[in-house]
Novice: 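Got a structure for you, written out below as structure tokens; questions coming shortly.
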Amino acid sequence: MLDDLAVVLFRPKFPENVGSAARACLNMGVNNLILVDPYNLDLDKARPLATAHAKHILEGARIVETLPEALEGFTSVYGTTARTGGWRKGIMSPSTLAGVVDERLRDGGKIAIVFGPEDKGLTNEETSLCSGLMTIPTSREGTSLNLAQAVVVVLYEIFKKSLDAPFTPDGPPQERSTTIQEQEALFSNLQESLLAIDFLKDDNPDYWMLPVRRFFSKINLKRNEFNLLMGVCRQVQWFVRTYGPDKGKK
């Protein structure tokens, strides 16, 4: 669906930023990059920041002379701004913009997101070509973002909104709970190991194992944890057999 979304860099000053922006596009599923009157564009400087993975986006970027030319054919255009005073009212946050863009794209629209020059951003005249404006909230101590940083923040929100299901990272492999039989085998091994190191007393060890059993009853012991503890028991018993009970206690 993001095939109909384009990132427009208006008069970018540094080729390294163009390369980083291309990589941000790749990361967030956007393949369309348009450069408007780029200053001193040097692909040799931009490529390392794009990396080999985004090289095709960088080298396939459309280069035009004017902003109206870049925006031709788009149904909605949204500009980015760090300035929010004056007539610039109703400015959206990245997440709000993402909702609007997602709705327009699902309706078959073609959307462009315009980022201004690194040193001064978009002028009032340039933002007048936009359907709406968006700003990225920042700390008051540092309101200016690097161009590629701004691109990745905005595209991340749009990418997240475009997903048919919320993104959830893969967790650890699901492990089944241990059975009663496995728990009893573990308790038997633990008892033998604790006796070997003289942690349990020889007289009535079953009684002294009760606190251990109560402890494990509070835990939903998984099979991988069972394997870990059984391995510890084997190592303890091997150590005692190898070095003798006296040395095993040291």
Side-chain angles (χ1 to χ4, degrees), residues 1-3 5 20 23-30 51-54 92-103 105-106 136-139 142 145 148-250:
M1 187 181 67
L2 296 184
D3 289 342
L5 178 67
S20 295
R23 182 176 181 179
C25 288
L26 176 74
N27 294 147
M28 299 303 154
V30 176
T51 74
H53 300 292
M92 294 176 280
S93 67
S95 58
T96 300
L97 173 67
V100 174
V101 168
D102 183 67
E103 183 179 349
L105 288 174
R106 292 181 188 276
I136 300 173
T138 60
S139 165
L145 289 173
Q149 289 177 326
V151 171
V152 78
V153 167
V154 174
L155 293 189
Y156 165 72
E157 293 291 344
I158 294 173
F159 173 76
K160 186 171 62 171
K161 193 71 177 178
S162 73
L163 299 175
D164 292 328
F167 171 76
T168 53
D170 292 334
Q174 292 296 315
E175 290 281 349
R176 67 169 176 82
S177 299
T178 51
T179 65
I180 292 296
Q181 291 77 12
E182 288 167 337
Q183 293 169 30
E184 286 301 318
L186 175 60
F187 293 147
S188 177
N189 246 322
L190 277 173
Q191 182 169 315
E192 184 178 347
S193 300
L194 295 175
L195 281 168
I197 60 174
D198 202 27
F199 182 84
L200 289 182
K201 303 305 178 184
D202 288 330
D203 58 318
N204 202 2
D206 290 338
Y207 172 78
W208 297 110
M209 274 292 293
L210 289 176
V212 178
R213 286 178 172 269
R214 281 196 294 268
F215 171 78
F216 278 99
S217 70
K218 300 176 182 178
I219 303 172
N220 182 18
L221 192 70
K222 301 297 186 179
R223 175 67 196 208
N224 61 324
E225 297 164 336
F226 165 83
N227 292 336
L228 171 66
L229 292 171
M230 291 288 278
V232 171
C233 290
R234 286 193 298 269
Q235 192 69 15
V236 168
Q237 293 168 30
W238 170 85
F239 185 85
V240 173
R241 286 195 307 269
T242 303
Y243 296 101
D246 293 335
K247 292 182 180 180
K249 294 175 187 177
K250 294 181 181 180

Novice: Near F187 CZ, under 6.0 Å, is it more than 12 heavy atoms from other residues, nucleotides or ligands?
Specialist: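 Yes.
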Novice: If I take atom CD from residue Q183 and atom CD1 from residue I180, how far apart are they, to the nearest 0.5 angstrom?
Specialist: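 With rounding to 0.5 Å, CD (Q183) is 4.5 Å from CD1 (I180).
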Novice: Can you see which heavy atom on F159 is nearest to which on M28, and at what distance?
Specialist: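 Shortest heavy-atom separation between F159 and M28 comes out as CD1-O, 3.4 Å.
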Novice: Taking all heavy atoms of S162 and all of D102, pick out the closest pair and write down the distance.
Specialist: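 Scanning both residues completely, I find the closest heavy atoms to be CA-OD1, 3.5 Å.
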Novice: Walk me through it: do K160 and E157 pass the test salt bridge (Lys or Arg N to Asp or Glu O under 4.0 Å)?
Specialist: CA-CA 5 Å; K160 186 171 62 171; E157 293 291 344; 3.5 Å; yes
Novice: Of all heavy-atom pairs between S177 and N220, which one has the smallest distance, and what is that distance?
Specialist: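 Smallest interatomic distance, heavy atoms only, reads OG-OD1, 2.8 Å.
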Novice: Listed by chain and number, what are the side chain to side chain donor-acceptor pair (under 3.5 Å) partners of S95, not counting sequence neighbours?
Specialist: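 Residues passing side chain to side chain donor-acceptor pair (under 3.5 Å) with S95: S93.
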Novice: Please report the interatomic distance OG1(T179) to CD(Q181), rounded to the nearest 0.5 Å.
Specialist: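 Answer for the OG1-CD pair, T179 versus Q181, is 4.5 Å.
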Novice: Determine whether L155 and N27 make a side-chain contact, defined as any pair of heavy atoms from C-beta on separated by less than 4.5 Å.
Specialist: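 Side-chain contact under 4.5 Å: no.
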Novice: Does CD belonging to E184 count more than 12 external heavy atoms closer than 6.0 Å?
Specialist: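 Yes.
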Novice: Has S188 got a side-chain atom pairing as donor or acceptor with A185's backbone, closer than 3.5 angstrom?
Specialist: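 Absent.
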Novice: Within the 4.5 Å heavy-atom criterion, are L229 and F216 side-chain neighbours or not?
Specialist: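 SC-SC contact between L229 and F216 confirmed.
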Novice: Taking atom CG of L195 and atom CD of Q237, what is their separation to the nearest 0.5 Å?
Specialist: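 Here the rounded value is 10.0 Å.
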Novice: With a 4.5 Å cut-off on side-chain heavy atoms, are L97 and V154 touching?
Specialist: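 Answer yes - side chains close enough.
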Novice: Specify the closest pair of heavy atoms between L200 and P205, including all atoms of both residues, with the distance to one decimal.
Specialist: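 Of all heavy-atom pairs spanning L200 and P205, the closest is CD1-O, 4.3 Å.
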Novice: Less than 4.5 Å apart, any side-chain heavy atom of K161 and any of V101?
Specialist: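 Side-chain contact under 4.5 Å: no.
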Novice: Looking at T178 and L221, would you say the former's side chain and the latter's main chain have a donor-acceptor pair under 3.5 Å?
Specialist: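 Checked: pair present.
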Novice: Is there side-chain contact between L194 and W208, with at least one heavy-atom pair below 4.5 Å?
Specialist: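 No, every pair of side-chain atoms sits at 4.5 Å or beyond.
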Novice: Name all residues meeting the salt bridge (charged side-chain N to carboxylate O under 4.0 Å, His left out) criterion together with R234; count only those two or more places apart in sequence or in a different chain, and write none if there are none.
Specialist: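 With sequence neighbours excluded, R234 shows a salt bridge (charged side-chain N to carboxylate O under 4.0 Å, His left out) to no residue whatsoever.
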Novice: Grab the two heavy atoms, one from L5 and one from V30, that are nearest each other, plus how far apart they are.
Specialist: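 Heavy atoms only, the tightest pair is O-CG1, 3.5 Å.
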Novice: What is the minimum heavy-atom distance between I136 and P94, and which atoms define it?
Specialist: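 Shortest heavy-atom separation between I136 and P94 comes out as CG1-CG, 3.9 Å.
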Novice: With sequence neighbours excluded, what pairs up with E182 under the salt bridge (charged side-chain N to carboxylate O under 4.0 Å, His left out) test?
Specialist: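 Partners of E182 by the salt bridge (charged side-chain N to carboxylate O under 4.0 Å, His left out) criterion, ordered by chain and then number, come out as R176, R223.
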Novice: As an exercise, state the distance from CE of M230 to CG of L190, rounded to the nearest 0.5 Å.
Specialist: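 If we round to the nearest 0.5 Å, M230:CE and L190:CG are 8.5 Å apart.
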